[in-house]
Amino acid sequence: MDACREKMLELMLKQDIFVYFYIDYEANQWYLESNPALPEFVMSSQDNPIEDILKSGRVYEDDKERFRLFSSMLRDGTGINDKDELIKTQLRIKYRNDFAVWYEINIYPKKVDYSKRMVITGTIHRMTEREIQARDIINFHTNDRSPKMFSSLAQRRVKEEKDKKFAYIQFDVAGFKFINDKYGEEVGNELLAHFSDVLDLYCSEEQMFTRLSADVFMIVTPYQEISDIYSFIRGLEAALSGFKNIKYSFVFGVCLVGDRNTPSRTLGDSAAIARISVKGNALENIGFFDQDIKSGLENKLNIEKKMKAALKNGEFVMYLQPKYSISNTRIIGAEALVRWIDPEKGIVPPDSFIPVFEKNGFVVKIDEYIWECACKQIRKWMDHGLPPIPISVNVSRVHLNNAEFISCLNKLIDKYDIPKELLELEITETTENINSNEMIVRAKESGFRLLMDDFGSGYSSLNTLRNTPFDVLKIDRSFFSESMETDRGQKIISHTIAMSKDIGLDMIAEGVETKEQADFLYDCGCNAAQGFLYSRPIPVEMFEKLISN
(Lines give C-alpha, C1' and ligand atoms only; values in the text may rest on other atoms or scores of the structure.)
Protein backbone atom coordinates (compact mmCIF):
# COMPACT_ATOMS: atom_id res chain seq x y z
CA MET A 1 0.00 0.00 0.00
CA ASP A 2 1.56 3.31 -1.05
CA ALA A 3 2.02 6.25 1.31
CA CYS A 4 -0.74 8.32 -0.33
CA ARG A 5 -3.34 5.63 0.15
CA GLU A 6 -2.19 5.06 3.76
CA LYS A 7 -2.58 8.75 4.46
CA MET A 8 -6.06 8.72 2.94
CA LEU A 9 -7.15 5.77 5.08
CA GLU A 10 -5.72 7.43 8.17
CA LEU A 11 -7.77 10.54 7.43
CA MET A 12 -10.89 8.47 6.81
CA LEU A 13 -10.51 6.65 10.13
CA LYS A 14 -10.00 9.88 12.03
CA GLN A 15 -13.02 11.66 10.51
CA ASP A 16 -15.38 8.67 10.39
CA ILE A 17 -15.40 8.88 6.59
CA PHE A 18 -17.18 5.82 5.28
CA VAL A 19 -16.16 6.22 1.63
CA TYR A 20 -13.91 8.53 -0.34
CA PHE A 21 -14.57 8.63 -4.09
CA TYR A 22 -13.45 10.41 -7.23
CA ILE A 23 -15.37 10.64 -10.54
CA ASP A 24 -13.87 11.43 -13.92
CA TYR A 25 -16.78 11.97 -16.30
CA GLU A 26 -14.60 12.21 -19.39
CA ALA A 27 -13.06 8.83 -18.72
CA ASN A 28 -16.36 7.55 -17.31
CA GLN A 29 -14.50 6.10 -14.31
CA TRP A 30 -15.04 5.93 -10.56
CA TYR A 31 -12.29 5.55 -7.98
CA LEU A 32 -13.11 4.85 -4.36
CA GLU A 33 -11.73 3.82 -1.01
CA SER A 34 -13.89 2.26 1.72
CA ASN A 35 -13.19 2.65 5.43
CA PRO A 36 -12.35 -0.82 6.82
CA ALA A 37 -13.35 0.25 10.34
CA LEU A 38 -16.96 1.02 9.36
CA PRO A 39 -19.73 -1.36 8.25
CA GLU A 40 -19.13 -3.03 4.90
CA PHE A 41 -21.44 -2.60 1.93
CA VAL A 42 -21.35 -4.15 -1.50
CA MET A 43 -19.44 -1.54 -3.46
CA SER A 44 -17.85 -3.46 -6.29
CA SER A 45 -19.50 -1.58 -9.17
CA GLN A 46 -17.26 0.83 -11.00
CA ASP A 47 -20.18 2.39 -12.92
CA ASN A 48 -21.78 4.01 -9.89
CA PRO A 49 -20.81 2.43 -6.57
CA ILE A 50 -23.15 4.87 -4.79
CA GLU A 51 -26.05 2.92 -6.31
CA ASP A 52 -24.73 -0.21 -4.60
CA ILE A 53 -25.69 1.37 -1.28
CA LEU A 54 -29.26 1.69 -2.52
CA LYS A 55 -29.26 -1.91 -3.79
CA SER A 56 -28.11 -3.17 -0.38
CA GLY A 57 -31.61 -2.59 0.97
CA ARG A 58 -30.27 -0.89 4.07
CA VAL A 59 -31.22 2.69 3.19
CA TYR A 60 -33.96 4.03 5.47
CA GLU A 61 -37.33 3.96 3.67
CA ASP A 62 -38.04 7.70 3.97
CA ASP A 63 -34.65 8.55 2.46
CA LYS A 64 -34.72 6.20 -0.55
CA GLU A 65 -36.34 8.53 -3.06
CA ARG A 66 -34.11 11.49 -2.20
CA PHE A 67 -31.02 9.27 -2.31
CA ARG A 68 -32.12 7.72 -5.61
CA LEU A 69 -32.38 11.18 -7.19
CA PHE A 70 -28.97 12.16 -5.83
CA SER A 71 -27.45 8.94 -7.17
CA SER A 72 -29.04 9.55 -10.57
CA MET A 73 -27.60 13.06 -10.65
CA LEU A 74 -24.13 11.69 -9.91
CA ARG A 75 -24.46 9.00 -12.57
CA ASP A 76 -24.51 11.41 -15.52
CA GLY A 77 -23.49 14.70 -13.90
CA THR A 78 -26.72 16.48 -14.88
CA GLY A 79 -27.01 19.88 -13.25
CA ILE A 80 -23.53 19.77 -11.71
CA ASN A 81 -21.08 22.52 -12.62
CA ASP A 82 -17.85 23.90 -11.26
CA LYS A 83 -19.61 26.94 -9.78
CA ASP A 84 -21.10 24.68 -7.11
CA GLU A 85 -18.66 24.67 -4.22
CA LEU A 86 -20.48 21.89 -2.41
CA ILE A 87 -23.49 19.68 -3.08
CA LYS A 88 -24.68 17.36 -0.34
CA THR A 89 -27.43 15.08 0.84
CA GLN A 90 -28.09 12.98 3.93
CA LEU A 91 -29.45 9.48 4.40
CA ARG A 92 -29.96 6.91 7.14
CA ILE A 93 -28.44 3.41 7.00
CA LYS A 94 -30.24 0.66 8.93
CA TYR A 95 -28.44 -1.67 11.28
CA ARG A 96 -29.82 -4.55 13.31
CA ASN A 97 -33.23 -4.03 14.93
CA ASP A 98 -33.80 -1.18 12.44
CA PHE A 99 -31.41 1.07 14.34
CA ALA A 100 -30.45 3.86 11.93
CA VAL A 101 -27.33 6.00 11.64
CA TRP A 102 -27.19 9.28 9.70
CA TYR A 103 -24.60 9.61 6.92
CA GLU A 104 -23.84 12.63 4.75
CA ILE A 105 -22.58 12.62 1.17
CA ASN A 106 -20.56 15.65 0.13
CA ILE A 107 -19.40 16.24 -3.44
CA TYR A 108 -17.02 18.94 -4.66
CA PRO A 109 -17.18 19.59 -8.44
CA LYS A 110 -14.43 21.31 -10.39
CA LYS A 111 -13.05 21.67 -13.89
CA VAL A 112 -9.47 20.65 -14.53
CA ASP A 113 -6.78 21.64 -17.00
CA TYR A 114 -8.71 24.78 -18.00
CA SER A 115 -10.93 22.57 -20.14
CA LYS A 116 -14.49 21.35 -20.09
CA ARG A 117 -13.40 18.20 -18.32
CA MET A 118 -15.40 17.80 -15.12
CA VAL A 119 -14.28 15.77 -12.11
CA ILE A 120 -15.87 15.29 -8.72
CA THR A 121 -14.37 14.36 -5.42
CA GLY A 122 -16.71 13.16 -2.72
CA THR A 123 -16.95 11.69 0.72
CA ILE A 124 -19.51 9.80 2.75
CA HIS A 125 -19.16 10.30 6.48
CA ARG A 126 -21.05 9.40 9.61
CA MET A 127 -22.80 12.55 10.90
CA THR A 128 -21.99 13.77 14.38
CA GLU A 129 -24.68 14.63 16.90
CA ARG A 130 -24.04 18.32 16.31
CA GLU A 131 -24.46 17.92 12.54
CA ILE A 132 -27.73 16.07 13.02
CA GLN A 133 -29.04 18.81 15.30
CA ALA A 134 -27.97 21.47 12.80
CA ARG A 135 -29.78 19.55 10.05
CA ASP A 136 -33.01 19.52 12.09
CA ILE A 137 -32.77 23.28 12.64
CA ILE A 138 -32.15 23.95 8.95
CA ASN A 139 -35.12 21.79 8.01
CA PHE A 140 -37.39 24.27 9.77
CA HIS A 141 -36.51 26.72 7.00
CA THR A 142 -35.58 24.60 3.97
CA ASN A 143 -36.86 21.45 2.39
CA ASP A 144 -34.73 18.34 2.60
CA ARG A 145 -35.77 17.68 -0.98
CA SER A 146 -32.74 19.50 -2.38
CA PRO A 147 -33.89 22.48 -4.51
CA LYS A 148 -30.71 22.12 -6.58
CA MET A 149 -31.46 18.47 -7.28
CA PHE A 150 -35.10 19.33 -7.96
CA SER A 151 -34.07 21.95 -10.50
CA SER A 152 -31.76 19.55 -12.28
CA LEU A 153 -34.27 16.71 -12.47
CA ALA A 154 -37.13 19.01 -13.47
CA GLN A 155 -35.09 20.32 -16.37
CA ARG A 156 -34.26 16.78 -17.46
CA ARG A 157 -37.95 15.78 -17.42
CA VAL A 158 -38.98 18.84 -19.41
CA LYS A 159 -36.33 18.09 -22.06
CA GLU A 160 -36.90 14.35 -22.32
CA GLU A 161 -40.70 14.13 -22.13
CA LYS A 162 -41.39 16.14 -25.27
CA ASP A 163 -44.89 14.73 -25.68
CA LYS A 164 -46.04 16.62 -22.57
CA LYS A 165 -46.55 20.28 -21.73
CA PHE A 166 -45.18 21.43 -18.37
CA ALA A 167 -45.84 24.29 -15.98
CA TYR A 168 -43.79 25.60 -13.06
CA ILE A 169 -46.04 26.60 -10.15
CA GLN A 170 -44.64 28.56 -7.21
CA PHE A 171 -46.69 29.51 -4.16
CA ASP A 172 -46.34 30.98 -0.71
CA VAL A 173 -48.53 31.96 2.23
CA ALA A 174 -49.84 35.52 2.18
CA GLY A 175 -48.65 37.22 5.37
CA PHE A 176 -46.75 34.22 6.75
CA LYS A 177 -44.79 36.52 9.09
CA PHE A 178 -48.09 37.53 10.71
CA ILE A 179 -48.82 33.84 11.44
CA ASN A 180 -45.42 33.44 13.08
CA ASP A 181 -45.93 36.59 15.14
CA LYS A 182 -49.46 35.66 16.22
CA TYR A 183 -49.11 31.92 16.87
CA GLY A 184 -45.36 31.54 17.41
CA GLU A 185 -42.60 30.09 15.24
CA GLU A 186 -43.26 26.55 16.47
CA VAL A 187 -46.78 26.63 15.03
CA GLY A 188 -45.40 28.25 11.86
CA ASN A 189 -42.96 25.37 11.46
CA GLU A 190 -45.73 22.84 12.06
CA LEU A 191 -47.76 24.56 9.35
CA LEU A 192 -44.89 24.29 6.86
CA ALA A 193 -44.42 20.62 7.72
CA HIS A 194 -48.15 20.14 7.12
CA PHE A 195 -47.81 21.68 3.67
CA SER A 196 -44.97 19.26 2.81
CA ASP A 197 -47.05 16.29 3.99
CA VAL A 198 -50.05 17.43 1.94
CA LEU A 199 -47.92 17.93 -1.17
CA ASP A 200 -46.50 14.44 -0.70
CA LEU A 201 -50.00 13.02 -0.81
CA TYR A 202 -51.59 15.40 -3.31
CA CYS A 203 -48.90 15.37 -6.00
CA SER A 204 -48.94 12.38 -8.33
CA GLU A 205 -45.84 10.55 -9.50
CA GLU A 206 -45.79 12.84 -12.54
CA GLN A 207 -45.63 15.95 -10.38
CA MET A 208 -42.46 17.09 -8.63
CA PHE A 209 -42.31 19.51 -5.74
CA THR A 210 -39.77 21.11 -3.46
CA ARG A 211 -39.65 23.66 -0.68
CA LEU A 212 -37.40 26.46 -1.85
CA SER A 213 -37.18 28.50 1.35
CA ALA A 214 -39.32 29.39 4.36
CA ASP A 215 -42.91 29.29 3.06
CA VAL A 216 -42.11 29.23 -0.68
CA PHE A 217 -42.84 25.96 -2.53
CA MET A 218 -42.38 24.95 -6.16
CA ILE A 219 -44.20 22.33 -8.21
CA VAL A 220 -43.52 21.15 -11.76
CA THR A 221 -46.55 19.51 -13.32
CA PRO A 222 -47.59 18.28 -16.77
CA TYR A 223 -50.85 19.68 -18.16
CA GLN A 224 -52.98 19.56 -21.30
CA GLU A 225 -55.15 22.67 -20.98
CA ILE A 226 -54.80 25.84 -18.89
CA SER A 227 -57.96 24.75 -17.09
CA ASP A 228 -56.01 21.73 -15.79
CA ILE A 229 -53.63 24.09 -13.99
CA TYR A 230 -56.49 26.05 -12.43
CA SER A 231 -58.17 22.81 -11.30
CA PHE A 232 -54.92 21.51 -9.82
CA ILE A 233 -54.23 24.76 -7.95
CA ARG A 234 -57.77 25.09 -6.57
CA GLY A 235 -57.72 21.50 -5.37
CA LEU A 236 -54.30 21.94 -3.78
CA GLU A 237 -55.42 25.18 -2.15
CA ALA A 238 -58.36 23.36 -0.53
CA ALA A 239 -56.14 20.49 0.61
CA LEU A 240 -53.57 22.84 2.19
CA SER A 241 -56.16 24.92 4.07
CA GLY A 242 -57.64 24.40 7.52
CA PHE A 243 -54.60 23.51 9.63
CA LYS A 244 -55.52 23.97 13.32
CA ASN A 245 -58.30 26.35 12.27
CA ILE A 246 -55.70 28.99 11.39
CA LYS A 247 -56.86 31.41 8.71
CA TYR A 248 -54.37 31.83 5.89
CA SER A 249 -54.40 32.20 2.12
CA PHE A 250 -52.01 31.50 -0.73
CA VAL A 251 -50.50 33.33 -3.69
CA PHE A 252 -49.62 31.30 -6.79
CA GLY A 253 -47.39 32.12 -9.76
CA VAL A 254 -47.37 30.02 -12.92
CA CYS A 255 -44.84 29.86 -15.74
CA LEU A 256 -45.76 27.74 -18.77
CA VAL A 257 -42.71 26.05 -20.30
CA GLY A 258 -42.21 27.19 -23.88
CA ASP A 259 -38.61 26.70 -24.92
CA ARG A 260 -37.55 23.40 -23.34
CA ASN A 261 -33.93 24.55 -23.29
CA THR A 262 -34.73 27.40 -20.91
CA PRO A 263 -32.84 26.78 -17.66
CA SER A 264 -34.99 25.43 -14.85
CA ARG A 265 -33.89 28.28 -12.61
CA THR A 266 -35.15 30.84 -15.14
CA LEU A 267 -38.53 29.12 -15.32
CA GLY A 268 -38.73 29.09 -11.53
CA ASP A 269 -37.80 32.77 -11.37
CA SER A 270 -40.53 33.54 -13.90
CA ALA A 271 -43.08 31.72 -11.73
CA ALA A 272 -41.84 33.82 -8.80
CA ILE A 273 -42.33 37.02 -10.81
CA ALA A 274 -45.91 35.95 -11.60
CA ARG A 275 -46.50 35.18 -7.92
CA ILE A 276 -45.21 38.57 -6.81
CA SER A 277 -47.38 40.28 -9.43
CA VAL A 278 -50.61 39.22 -7.67
CA LYS A 279 -49.49 39.80 -4.08
CA GLY A 280 -51.97 42.14 -2.43
CA ASN A 281 -54.58 41.57 -5.15
CA ALA A 282 -57.92 41.10 -3.40
CA LEU A 283 -59.59 39.58 -6.47
CA GLU A 284 -57.04 37.13 -7.85
CA ASN A 285 -54.35 34.95 -6.27
CA ILE A 286 -53.08 33.16 -9.38
CA GLY A 287 -50.70 34.99 -11.71
CA PHE A 288 -49.40 33.73 -15.05
CA PHE A 289 -46.02 34.92 -16.25
CA ASP A 290 -45.91 36.99 -19.43
CA GLN A 291 -43.71 39.70 -20.90
CA ASP A 292 -45.83 42.53 -19.48
CA ILE A 293 -45.38 41.18 -15.95
CA LYS A 294 -41.66 40.86 -16.50
CA SER A 295 -41.41 44.42 -17.80
CA GLY A 296 -43.50 45.67 -14.88
CA LEU A 297 -41.27 43.97 -12.33
CA GLU A 298 -38.11 45.20 -14.04
CA ASN A 299 -39.54 48.72 -13.94
CA LYS A 300 -40.42 48.31 -10.25
CA LEU A 301 -36.94 47.05 -9.35
CA ASN A 302 -35.31 49.85 -11.35
CA ILE A 303 -37.47 52.48 -9.63
CA GLU A 304 -36.79 51.07 -6.16
CA LYS A 305 -33.09 50.99 -6.92
CA LYS A 306 -33.04 54.70 -7.80
CA MET A 307 -35.74 56.27 -5.59
CA LYS A 308 -33.71 57.15 -2.48
CA ALA A 309 -30.86 58.70 -4.42
CA ALA A 310 -33.36 60.56 -6.61
CA LEU A 311 -34.98 62.15 -3.56
CA LYS A 312 -31.61 63.07 -2.13
CA ASN A 313 -30.46 64.58 -5.46
CA GLY A 314 -33.58 66.72 -5.93
CA GLU A 315 -34.93 64.81 -8.94
CA PHE A 316 -38.48 64.98 -7.57
CA VAL A 317 -40.06 68.30 -8.45
CA MET A 318 -43.34 69.93 -7.48
CA TYR A 319 -45.63 70.82 -10.38
CA LEU A 320 -48.83 72.81 -9.91
CA GLN A 321 -52.12 72.35 -11.73
CA PRO A 322 -54.22 75.53 -11.51
CA LYS A 323 -57.81 75.47 -10.27
CA TYR A 324 -60.03 78.01 -12.00
CA SER A 325 -63.24 79.89 -11.40
CA ILE A 326 -65.46 78.95 -14.34
CA SER A 327 -67.29 82.29 -14.29
CA ASN A 328 -64.29 84.60 -14.67
CA THR A 329 -61.43 82.14 -15.51
CA ARG A 330 -59.35 83.39 -12.57
CA ILE A 331 -56.97 81.08 -10.73
CA ILE A 332 -58.42 80.27 -7.31
CA GLY A 333 -56.01 77.56 -6.20
CA ALA A 334 -53.61 74.85 -7.26
CA GLU A 335 -53.00 71.16 -6.71
CA ALA A 336 -49.43 70.11 -5.96
CA LEU A 337 -48.29 67.09 -7.97
CA VAL A 338 -44.94 65.32 -7.99
CA ARG A 339 -42.87 64.87 -11.14
CA TRP A 340 -39.69 62.81 -11.38
CA ILE A 341 -37.11 64.34 -13.71
CA ASP A 342 -34.43 61.75 -14.32
CA PRO A 343 -31.14 63.35 -15.47
CA GLU A 344 -30.78 60.65 -18.15
CA LYS A 345 -34.36 59.76 -19.17
CA GLY A 346 -36.14 63.05 -18.56
CA ILE A 347 -39.64 63.05 -17.04
CA VAL A 348 -40.66 59.65 -15.64
CA PRO A 349 -44.43 59.06 -16.07
CA PRO A 350 -46.14 59.35 -12.65
CA ASP A 351 -48.25 56.23 -13.26
CA SER A 352 -45.04 54.20 -13.50
CA PHE A 353 -43.63 55.19 -10.09
CA ILE A 354 -46.52 56.38 -7.87
CA PRO A 355 -48.13 52.88 -7.62
CA VAL A 356 -44.71 51.44 -6.73
CA PHE A 357 -44.21 54.03 -3.98
CA GLU A 358 -47.71 53.40 -2.62
CA LYS A 359 -46.98 49.70 -2.30
CA ASN A 360 -43.51 49.95 -0.77
CA GLY A 361 -44.31 52.89 1.53
CA PHE A 362 -41.87 55.35 -0.05
CA VAL A 363 -44.88 57.52 -0.90
CA VAL A 364 -44.70 58.77 2.71
CA LYS A 365 -41.32 60.35 2.00
CA ILE A 366 -42.54 61.82 -1.29
CA ASP A 367 -45.69 63.25 0.28
CA GLU A 368 -43.75 64.93 3.06
CA TYR A 369 -41.27 66.34 0.53
CA ILE A 370 -44.08 67.85 -1.59
CA TRP A 371 -45.80 69.20 1.54
CA GLU A 372 -42.67 71.14 2.39
CA CYS A 373 -42.28 72.35 -1.21
CA ALA A 374 -45.85 73.69 -1.09
CA CYS A 375 -45.34 75.46 2.24
CA LYS A 376 -42.07 76.95 1.05
CA GLN A 377 -43.76 78.19 -2.14
CA ILE A 378 -46.64 79.85 -0.26
CA ARG A 379 -44.11 81.59 1.99
CA LYS A 380 -42.20 82.80 -1.07
CA TRP A 381 -45.35 84.30 -2.61
CA MET A 382 -46.16 86.07 0.63
CA ASP A 383 -42.63 87.46 0.90
CA HIS A 384 -42.72 88.76 -2.69
CA GLY A 385 -46.09 90.44 -2.31
CA LEU A 386 -47.93 88.05 -4.61
CA PRO A 387 -51.49 87.10 -3.67
CA PRO A 388 -51.18 83.90 -1.64
CA ILE A 389 -53.02 81.11 -3.41
CA PRO A 390 -54.11 77.96 -1.55
CA ILE A 391 -52.28 74.81 -2.57
CA SER A 392 -53.84 71.41 -2.01
CA VAL A 393 -51.47 68.51 -1.31
CA ASN A 394 -52.16 64.81 -1.47
CA VAL A 395 -52.26 62.70 1.69
CA SER A 396 -51.75 59.04 0.73
CA ARG A 397 -53.78 56.44 2.56
CA VAL A 398 -50.55 55.09 4.09
CA HIS A 399 -50.50 58.20 6.32
CA LEU A 400 -53.97 57.47 7.66
CA ASN A 401 -52.66 54.72 9.93
CA ASN A 402 -50.60 57.15 11.95
CA ALA A 403 -51.28 60.54 13.53
CA GLU A 404 -47.68 61.58 12.85
CA PHE A 405 -48.65 63.06 9.51
CA ILE A 406 -50.80 65.71 11.25
CA SER A 407 -47.90 66.61 13.49
CA CYS A 408 -45.61 66.80 10.47
CA LEU A 409 -48.02 69.18 8.67
CA ASN A 410 -48.39 71.41 11.73
CA LYS A 411 -44.61 71.66 12.08
CA LEU A 412 -44.33 72.77 8.45
CA ILE A 413 -47.06 75.37 8.97
CA ASP A 414 -45.11 76.73 11.96
CA LYS A 415 -41.73 76.50 10.23
CA TYR A 416 -42.82 78.61 7.25
CA ASP A 417 -45.30 80.72 9.24
CA ILE A 418 -48.15 80.48 6.77
CA PRO A 419 -51.94 80.54 7.34
CA LYS A 420 -53.23 77.01 7.75
CA GLU A 421 -56.11 77.61 5.33
CA LEU A 422 -53.61 78.02 2.49
CA LEU A 423 -52.51 74.37 2.75
CA GLU A 424 -55.42 72.12 1.83
CA LEU A 425 -55.40 68.32 2.14
CA GLU A 426 -56.66 66.02 -0.63
CA ILE A 427 -57.57 62.52 0.54
CA THR A 428 -58.85 59.83 -1.82
CA GLU A 429 -62.13 58.26 -0.78
CA THR A 430 -62.08 54.53 -0.01
CA THR A 431 -64.38 52.18 1.84
CA GLU A 432 -61.81 52.06 4.63
CA ASN A 433 -61.47 55.77 5.33
CA ILE A 434 -64.67 57.63 4.51
CA ASN A 435 -66.26 58.84 7.77
CA SER A 436 -64.50 56.14 9.76
CA ASN A 437 -60.83 57.00 9.79
CA GLU A 438 -59.89 58.77 12.99
CA MET A 439 -56.97 60.53 11.33
CA ILE A 440 -59.25 62.35 8.88
CA VAL A 441 -61.36 63.63 11.75
CA ARG A 442 -58.26 64.69 13.68
CA ALA A 443 -56.91 66.55 10.62
CA LYS A 444 -60.21 68.40 10.41
CA GLU A 445 -60.13 69.21 14.13
CA SER A 446 -56.57 70.48 13.67
CA GLY A 447 -57.91 73.18 11.34
CA PHE A 448 -57.09 71.87 7.86
CA ARG A 449 -59.47 72.24 4.94
CA LEU A 450 -60.21 68.75 3.56
CA LEU A 451 -60.92 67.82 -0.05
CA MET A 452 -62.42 64.42 -0.88
CA ASP A 453 -60.48 63.39 -3.97
CA ASP A 454 -62.00 61.25 -6.75
CA PHE A 455 -65.58 61.55 -5.50
CA GLY A 456 -67.75 59.20 -7.54
CA SER A 457 -64.91 56.86 -8.48
CA GLY A 458 -66.65 53.80 -7.09
CA TYR A 459 -66.94 53.95 -3.31
CA SER A 460 -68.99 57.07 -2.78
CA SER A 461 -72.66 57.21 -2.03
CA LEU A 462 -74.93 60.01 -0.90
CA ASN A 463 -75.14 58.29 2.45
CA THR A 464 -71.41 58.91 3.08
CA LEU A 465 -72.02 62.67 2.99
CA ARG A 466 -74.33 62.83 6.02
CA ASN A 467 -71.60 63.31 8.61
CA THR A 468 -68.54 63.75 6.43
CA PRO A 469 -65.66 65.83 7.85
CA PHE A 470 -64.72 66.92 4.31
CA ASP A 471 -65.22 70.50 3.12
CA VAL A 472 -64.95 70.01 -0.64
CA LEU A 473 -65.92 67.22 -3.04
CA LYS A 474 -63.70 66.79 -6.09
CA ILE A 475 -65.79 65.14 -8.81
CA ASP A 476 -63.73 62.36 -10.37
CA ARG A 477 -62.90 62.89 -14.04
CA SER A 478 -64.14 59.44 -15.15
CA PHE A 479 -67.44 59.81 -13.27
CA PHE A 480 -67.89 63.28 -14.72
CA SER A 481 -67.00 62.46 -18.36
CA GLU A 482 -69.04 59.24 -18.46
CA SER A 483 -72.11 60.86 -16.87
CA MET A 484 -72.02 63.69 -19.40
CA GLU A 485 -72.81 61.22 -22.19
CA THR A 486 -76.47 60.62 -21.19
CA ASP A 487 -79.39 62.70 -19.98
CA ARG A 488 -79.69 60.52 -16.89
CA GLY A 489 -75.98 60.98 -16.11
CA GLN A 490 -76.25 64.75 -16.46
CA LYS A 491 -79.19 64.78 -14.06
CA ILE A 492 -77.19 62.77 -11.52
CA ILE A 493 -74.36 65.32 -11.66
CA SER A 494 -76.81 68.22 -11.46
CA HIS A 495 -78.61 66.84 -8.40
CA THR A 496 -75.35 65.82 -6.70
CA ILE A 497 -74.05 69.38 -7.04
CA ALA A 498 -77.33 70.88 -5.80
CA MET A 499 -77.52 68.53 -2.82
CA SER A 500 -73.88 69.16 -1.88
CA LYS A 501 -74.46 72.91 -1.90
CA ASP A 502 -77.56 72.46 0.27
CA ILE A 503 -75.55 70.67 2.98
CA GLY A 504 -72.70 73.17 2.84
CA LEU A 505 -70.14 71.29 0.74
CA ASP A 506 -68.16 73.04 -1.99
CA MET A 507 -67.56 71.30 -5.32
CA ILE A 508 -64.72 71.24 -7.82
CA ALA A 509 -64.66 69.19 -11.01
CA GLU A 510 -61.52 67.41 -12.19
CA GLY A 511 -60.69 66.55 -15.77
CA VAL A 512 -62.65 69.33 -17.47
CA GLU A 513 -61.54 69.27 -21.10
CA THR A 514 -64.19 71.15 -23.11
CA LYS A 515 -66.04 74.46 -22.82
CA GLU A 516 -69.30 72.52 -23.09
CA GLN A 517 -68.44 70.63 -19.92
CA ALA A 518 -67.47 73.83 -18.11
CA ASP A 519 -70.71 75.57 -19.11
CA PHE A 520 -72.77 72.59 -17.97
CA LEU A 521 -71.05 72.55 -14.55
CA TYR A 522 -71.58 76.31 -14.12
CA ASP A 523 -75.27 76.00 -14.99
CA CYS A 524 -75.56 73.25 -12.34
CA GLY A 525 -74.01 75.50 -9.69
CA CYS A 526 -70.37 74.31 -9.71
CA ASN A 527 -68.02 77.24 -10.30
CA ALA A 528 -64.63 75.56 -9.76
CA ALA A 529 -62.76 73.31 -12.16
CA GLN A 530 -59.37 72.02 -13.15
CA GLY A 531 -58.39 70.15 -16.28
CA PHE A 532 -56.74 70.41 -19.66
CA LEU A 533 -59.29 73.02 -20.84
CA TYR A 534 -57.52 75.41 -18.49
CA SER A 535 -54.05 74.03 -17.89
CA ARG A 536 -52.03 70.88 -17.49
CA PRO A 537 -49.80 70.50 -14.41
CA ILE A 538 -46.95 72.96 -14.98
CA PRO A 539 -43.64 73.91 -13.34
CA VAL A 540 -43.84 76.45 -10.54
CA GLU A 541 -42.11 79.13 -12.67
CA MET A 542 -44.85 78.92 -15.32
CA PHE A 543 -47.55 78.98 -12.63
CA GLU A 544 -46.04 82.16 -11.16
CA LYS A 545 -46.23 83.84 -14.58
CA LEU A 546 -49.93 82.94 -14.75
CA ILE A 547 -50.75 84.47 -11.38
CA SER A 548 -48.55 87.51 -12.07
CA ASN A 549 -50.55 88.21 -15.22
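In what follows, every heavy atom counts, from backbone to side chain, and hydrogens, waters and symmetry copies are set aside.
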Spacing of [X] atom [atom1] and [Y] atom [atom2] [to the nearest 0.5 Å]:
X      : Y      : atom1 : atom2 : value
Leu153 : Gln155 : CG    : CD    : 10.5 Å
Phe353 : Asn302 : CZ    : CG    : 13.0 Å
Phe166 : Met208 : CZ    : CE    : 9.5 Å
Asn106 : Gln90  : CG    : CD    : 8.0 Å
Asn394 : Leu451 : CG    : CG    : 10.0 Å
Asp454 : Thr428 : CG    : OG1   : 5.0 Å

Residue pair [X] / [Y], side-chain heavy-atom distance below 4.5 Å:
X      : Y      : answer
Pro537 : Arg339 : yes
Val187 : Ile246 : yes
Leu236 : Leu199 : yes
Ser264 : Phe150 : no
Ile219 : Phe232 : yes

If the plane angle is over 60° it's perpendicular, under 30° parallel, otherwise tilted; pick one for Tyr248 and Phe195.
perpendicular
Return the set of residues passing side chain to side chain contact (heavy atoms under 4.5 Å, CB included) with [X] (not counting sequence neighbours), or none when no residue passes.
X      : result
Leu256 : Ala167, Tyr223, Ile226, Ile229, Val254, Phe288
Ser204 : Glu206, Gln207
Glu225 : Ser227, Asp228
Arg442 : Ala403, Ile406, Glu438, Met439, Glu445

Nearest heavy atoms of [X] and [Y], plus distance in Å:
X      : Y      : result
Tyr319 : Ile341 : OH-CD1, 4.2 Å
His194 : Leu240 : NE2-O, 3.7 Å
Phe405 : Ala443 : CZ-CB, 4.4 Å
Ser396 : Asp367 : OG-OD2, 2.7 Å

Throw together a table of side-chain donor-acceptor distances under 3.5 angstrom for residues 306-316, partners on residues two or more places apart or in other chains.
| from | atom 1 | to | atom 2 | distance (Å) |
| --- | --- | --- | --- | --- |
| Asn313 | ND2 | Ala309 | O | 3.1 |
| Glu315 | OE1 | Trp340 | NE1 | 2.9 |

Can you name the residues that form a ring-ring contact (aromatic ring centres under 6.0 Å, His included) with Phe532, not counting sequence neighbours?
none
Sequence-distant partners of Phe252, ring-ring contact (aromatic ring centres under 6.0 Å, His included), two or more places apart:
Phe171
Ignoring hydrogens and geometry, is there a side-chain-to-backbone donor-acceptor pair from [X] to [Y] under 3.5 Å?
X      : Y      : result
Asn299 : Ser295 : no
Arg211 : Ala214 : yes
Asp215 : Phe176 : no

Check each of Arg536, Glu510, Lys474 against Gln530 using the side chain to side chain donor-acceptor pair (under 3.5 Å) test, and report the only one that passes.
Lys474
Does Tyr183 have more than 12 heavy atoms from other residues, nucleotides or ligands lying within 6.0 Å of its OH?
yes
Going by atom type alone, with no hydrogens or angles, which donor-acceptor pairs under 3.5 Å involve a side-chain atom of residues 354-365 and a protein atom two or more places apart or on another chain?
| from | atom 1 | to | atom 2 | distance (Å) |
| --- | --- | --- | --- | --- |
| Asn360 | OD1 | Phe362 | N | 2.8 |
| Asn360 | ND2 | Glu304 | OE2 | 3.0 |
| Asn360 | ND2 | Val356 | O | 3.4 |

Going by side-chain hydrogen bond (donor to acceptor under 3.5 Å, both in side chains), name the pairs with one or both residues in residues 270-283, residues two or more places apart or in two chains.
Gln170-Arg275, Asp172-Arg275, Asp172-Lys279
Any salt bridge (Lys or Arg N to Asp or Glu O under 4.0 Å) involving residues 253-274? Give me the pairs, sequence neighbours left out, ordered by first then second residue.
none
Can you pull out every salt bridge (Lys or Arg N to Asp or Glu O under 4.0 Å) where at least one residue sits in residues 234-256? Sequence neighbours excluded, please.
Glu190-Lys244, Arg234-Glu237, Arg234-Glu284
Report the residues that fulfil side-chain hydrogen bond (donor to acceptor under 3.5 Å, both in side chains) with Lys177, sequence neighbours left out, ordered by chain and then residue number.
Asp181
